[in-house]
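Notes follow the structure.
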Amino acid sequence: MTIKLYNTRTRRKEAFVPLDPENVRMYVCGPTVYDRAHLGNARPVVVFDVLYRLLRHEFGADHVTYVRNFTDVDDKINARAAESGRPIGEITAETTQWFLDDMAALGALEPDAMPRATAYIPQMVAMIEELIARGHAYAAEGHVLFAVESYAEYGALSGRTVEDMIAGARVEVAPYKRNPMDFVLWKPSPADLPGWDSPWGRGRPGWHIECSAMAHELLGESFDIHGGGNDLMFPHHENEIAQSRCAHPEGDFARVWMHNEMLQVEGKKMSKSLGNFFTVRDLLDEYDERFGIENIGPAIRLRLMQSHYRSPVDAALSYVEASATKLAEWWFWTELHRPEPLSEDEKFELINESPFLSALLDDLNTPAAISEIDAKVSQLRVIPENHTNIESYSNDKEKIAKQVLAWIGFLGFDFDGLKQLHPSHWQNRLKSRNLEFNELIENLVKERAEARLEKNFARADKIRDGFIAAGVTIKDSSEGTTWELKPGFDPSKLEALK
RNA sequence: GGUGGGUUGGCGGAGAGGUUACGCACCGGAUUGCAAAUCCGUGAAGACCGGUUCGAUUCCGGUACCCACCUCCA
């Protein structure tokens, strides 16, 4: 079984061969902790979580090291502290915990290491000194800058040349730069901003150096995979490569570069600078409030996986709802055939050699993997006409249900946790929140039943139509009538039926 | 202006040079007093123009349009 991954560096899909199968190493750029994570921030977390699970499956759980950083020194954080009057440490600690909570709600495993930038300042300083010593960086006016002309391959990842970039540059060039594209490794800090002593005076690191320093410290000079959003390709990743390759020329830095496409809202990238974002927490709260769903996280997770990671994905809420419906269906039909809990060995076997796994092996084709689950689930729904032997029929179903269970679990969904997405479950929560209207609804249901017995269908239908307007759905069956509340239930509309 | 990616049925979204993707919605049927729910089933596509080929939605070229990056951003 070979994993194929699209490598931005070579612009090709390649067979993935780790440097050391005993220790497969992956670094993913994490968040700057100054605000709640928006849905766009969640995309790489989910994408690389799936990759992490795939790598663990292929190489063994103990043979994969996944590092994702927290950027806790940044001018946006400083600005947030200044405007709120709160200490920086308080803001970053709070936001870090928010991030972990929200990503856990999405079912993402925690990486093996989650280094904070401020804990690696000495390593950054050492790396900058190395770069100066090797002639790749220079100090000027309290800053230290990387000299892009000293690294011939600068621009290779993003497919640009220094000349092109200068021509298209839209930023003012600082006077102390030798080349307009030179970027900051270290900058001076006034007394009111976070700063650390360094050979160049009290200062703080530039944006890119932290990832280079932390990746080197935790994963070494050469490691397997480096991931992040494609908006980081330039300048962030380009600069990381330049710094790391120049400071440690004997290493390759990252061999495979992976970039996820952006999450969109109405055809535009969701981003904080455009202001068209909503946070993961917003969604979690909204679904709890309107639907009575405790954790819509799995539906968000599925939505993010329903598009290939190198394609854009739209975040409109109706899509999240559709994803929740799909998960509820998966749960319902699998639960109906109630497979025994699977042992680890069984899970492994059910995943190996499956079309489901083949889809994921092919550059993480999650939409194709999902359709494999769909196909299995629809087998669970079908009762073949010629099932003369009910026992063998049930055995078949249980076998299929086991497979579905294994596959769903592999994608990072907690099977039992999907129950709360099923209407039968969230109905109860909605109802319990509207207990005061129970009696009224029950009486109307009873009245309708009597009207039907008397063949007074006009009255019966009037009640039903009124229910529909208010957001109450009624279902008649041989065992009687049941009713359900729809999201957005409006009890005031029931008044007209009295 | 430079660089990269994309355009598939009403919507979401894949694979494969020739055989049903799949899901949702729609429509038809069963069921129901009528509905809802459920079950069964049929339709429906490949931006445009050329080329290669026995045959292309799939490969190649061009055109149009969309998105992203080149400024903090996942």
Side-chain angles (χ1 to χ4, degrees), chain A residues 8 11 28-32 34 37-48 68 71 74-76 79 155 157-161 163-172 181 207 227-238 259-264 267-274 277 302-303 305-314 316 318-319 321-323 325-326 329-330 355 358-359 362 365-378 381-383 385 423 451-453 455-458 460-461 464-465 467-468 472-478 481-484:
Chain A
T8 306
R11 307 204 184 277
V28 174
C29 291
T32 300
Y34 67 104
H38 66 68
L39 207 54
N41 299 117
R43 190 169 192 194
V45 173
V46 170
V47 166
F48 292 103
R68 187 184 64 212
T71 299
D74 182 276
D75 287 348
K76 290 190 290 293
L157 179 74
S158 52
R160 304 146 201 257
T161 65
E163 294 71 38
D164 286 346
M165 288 189 281
I166 292 170
R170 289 180 285 181
V171 247
E172 221 173 301
M181 296 313 295
W207 172 32
N230 73 355
D231 53 350
L232 294 182
M233 202 159 89
F234 187 90
H236 186 54
H237 290 163
E238 199 71 74
H259 293 95
N260 61 273
E261 250 297 347
M262 296 292 102
L263 188 93
Q264 302 192 337
K268 294 278 179 200
K269 169 184 173 181
M270 175 183 279
S271 76
K272 288 189 175 165
S273 39
L274 290 176
F277 69 94
L302 182 67
R303 176 60 194 158
M305 298 193 311
Q306 279 176 290
S307 182
H308 184 91
Y309 76 93
R310 285 189 285 115
S311 298
V313 59
D314 200 293
S318 61
Y319 297 140
E321 269 178 56
S323 301
T325 303
K326 190 190 278 286
E329 289 283 297
W330 286 357
S358 303
D362 183 12
N365 193 337
T366 48
I370 287 164
S371 75
E372 294 296 338
I373 296 178
D374 278 332
K376 283 288 168 204
V377 171
S378 51
R381 319 163 71 124
V382 175
I383 298 170
E385 278 178 25
R452 289 175 72 206
L453 274 179
K455 307 250 186 230
N456 182 359
F457 296 123
D461 290 353
R464 193 191 63 214
D465 293 344
F467 273 157
I468 291 169
V472 181
T473 310
I474 49 173
K475 297 181 183 177
D476 297 327
S477 78
S478 51
T481 299
T482 58
W483 55 276
E484 292 177 353

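This one's a predicted model, so the numbers in the text were calculated from it and none came from an experiment. The figures here come from the full heavy-atom set of this structure, side chains too, leaving out hydrogens, waters and symmetry mates.
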A:Thr366 and A:Tyr309, any side-chain heavy atoms less than 4.5 Å apart | no

Give one of base, sugar-phosphate or nothing for A:Gly155, where a contact means two heavy atoms less than 4.0 Å apart.
-> nothing

Are the side chain of A:Glu372 and the backbone N or O of A:Ala359 linked by a donor-acceptor pair below 3.5 Å?
-> no

Just by distance, do the side chain of A:Ser307 and the backbone of A:Arg303 share a donor-acceptor pair under 3.5 Å?
-> no

Taking C-beta and beyond as the side chain, do A:Asp74 and A:Tyr34 meet within less than 4.5 Å on heavy atoms?
-> no

Once you round it to whole Å, what is the distance between C1' of B:rA14 and OH of A:Tyr309?
-> 16 Å

P-based separation of B:rG4 from B:rG61 [nearest Å] = 13 Å

Send over the distance from A:Glu484 CD to B:rA37 C1', rounded to a whole Å.
-> 8 Å

Select base, sugar-phosphate, or nothing to describe what A:Gln264 touches, counting heavy atoms under 4.0 Å on all strands.
-> sugar-phosphate

Distance, C1' atom - from B:rA16 to B:rA21, rounded to whole angstrom = 10 Å

A:His237: what forms a ring-ring contact (aromatic ring centres under 6.0 Å, His included) with it, not counting sequence neighbours?
-> A:His226, A:Trp257, A:His259

Using atom C1' of each nucleotide, how far apart are B:rA45 and B:rG51 to the nearest Å?
-> 23 Å

Rounded off to whole Å, could you give me the CE-to-C1' distance for the A:Met181 and B:rU3 pair?
-> 13 Å

Nearest-Å distance once atom C1' is located in both B:rU57 and B:rG18 | 13 Å

Is A:His308 close to A:Glu261 at the side-chain level, that is, under 4.5 Å between some pair of heavy atoms?
-> no

Euclidean distance, atom CG of residue A:Asn41 to atom P of B:rA74 [Å, nearest integer] = 5 Å

Could you work out the separation of B:rG12 and B:rU7 based on their P atoms and round it to a whole Å?
-> 12 Å

Could you tell me the separation between the NE2 atom of A:His259 and the P atom of B:rC69, rounded to a whole number of Å?
-> 13 Å

With rounding to whole Å, what would you report as the distance between B:rA44 and B:rG33 at their P atoms?
-> 35 Å

Can you tell me which stems RNA chain B forms when a stem means 3 or more consecutive Watson-Crick or G-U pairs under 3.5 Å?
-> B:1-7 with B:64-70, B:10-12 with B:22-24, B:27-30 with B:38-41, B:47-51 with B:59-63

Validation row: A:Gln306, A:Val313 side chains within 4.5 angstrom (heavy atoms) = no

How many Å lie between CZ on A:Arg43 and P on B:rA68, as a whole number?
-> 14 Å

Which protein N or O atoms sit under 3.5 Å from an N or O of nucleotides 33-35 of chain B?
| residue | atom | partner | partner atom | Å |
| --- | --- | --- | --- | --- |
| B:rG33 | O6 | A:Arg452 | NE | 3.3 |
| B:rG33 | N1 | A:Asp461 | OD1 | 2.9 |
| B:rG33 | N2 | A:Asp461 | OD1 | 3.4 |
| B:rG33 | N2 | A:Asp461 | OD2 | 2.7 |
| B:rC34 | O2 | A:Arg464 | NH1 | 2.5 |
| B:rC34 | O2 | A:Arg464 | NH2 | 3.1 |
| B:rC34 | N3 | A:Arg464 | NH1 | 2.6 |
| B:rA35 | N6 | A:Asp476 | OD2 | 3.2 |
| B:rA35 | N1 | A:Asp476 | OD2 | 3.2 |

Where the side chain of A:Phe234 is defined as all heavy atoms beyond and including C-beta, which of B:rA74, B:rA68, B:rC70 is the nearest nucleotide?
-> B:rC70

Cation-pi check, A:Arg160 onto A:Phe234 ring (under 6.0 Å, within 45° of axis) | yes

Taking the P atom of each, how far is B:rG5 from B:rC60, in whole Å?
-> 12 Å

Please determine if a side-chain N or O atom of A:Lys269 lies less than 4.0 Å away from the OP1 or OP2 oxygen of B:rC69.
-> yes

In whole Å, what is the span from the CG atom of A:Leu302 to the P atom of B:rC22?
-> 18 Å

Intermediate values then yes/no, side chain to side chain contact (heavy atoms under 4.5 Å, CB included), A:Phe277 and A:Asn41 = CA-CA 10 Å; A:Phe277 69 94; A:Asn41 299 117; over 6 Å; no

Just how far is it from atom CG of A:Leu157 to atom CD of A:Glu238, taken to the nearest 0.5 Å?
-> 5.0 Å

Separation of the C1' atoms in B:rA68 and B:rU52, to the nearest angstrom | 33 Å

First encountered from the 5' end of RNA chain B, between A:Ala322 and A:Ser273 = A:Ala322

Please figure out whether A:Asp362 or A:Asp231 has its closest RNA chain B nucleotide nearer the 5' end.
-> A:Asp362

Please work out if A:Asn230 contacts a base, only the sugar-phosphate, or nothing of the nucleic acid, heavy-atom cut-off 4.0 Å.
-> sugar-phosphate

For A:Lys376, what residues pass the salt bridge (charged side-chain N to carboxylate O under 4.0 Å, His left out) criterion, not counting sequence neighbours?
-> none

Can you check whether A:Val377 reaches A:Lys326 side chain to side chain, under 4.5 Å on heavy atoms?
-> no

Name the nucleic acid region contacted by A:Asp374, choosing base, sugar-phosphate or nothing; use a 4.0 angstrom heavy-atom cut-off, strictly under.
-> sugar-phosphate

So A:Leu263 and A:His38, side chain to side chain contact (heavy atoms under 4.5 Å, CB included) or not? Walk me through it.
-> CA-CA 10 Å; A:Leu263 188 93; A:His38 66 68; 5.6 Å; no

Distances under 3.5 Å between nitrogen or oxygen atoms of protein and nucleotides 4-12 of chain B:
| residue | atom | partner | partner atom | Å |
| --- | --- | --- | --- | --- |
| B:rG12 | O2' | A:Arg303 | NH1 | 3.0 |

Salt bridge (charged side-chain N to carboxylate O under 4.0 Å, His left out) against A:Arg464, all qualifying residues, sequence neighbours excluded | A:Asp461

Nearest-Å distance for atom pair CG/C1', residues A:Leu263 and B:rA68 = 13 Å

Base, sugar-phosphate, or nothing: which does A:His308 touch, judged by heavy atoms less than 4.0 Å apart?
-> sugar-phosphate

Can you tell which of B:rA74, B:rA36, B:rG13 lies closest to the side chain of A:Thr473?
-> B:rA36

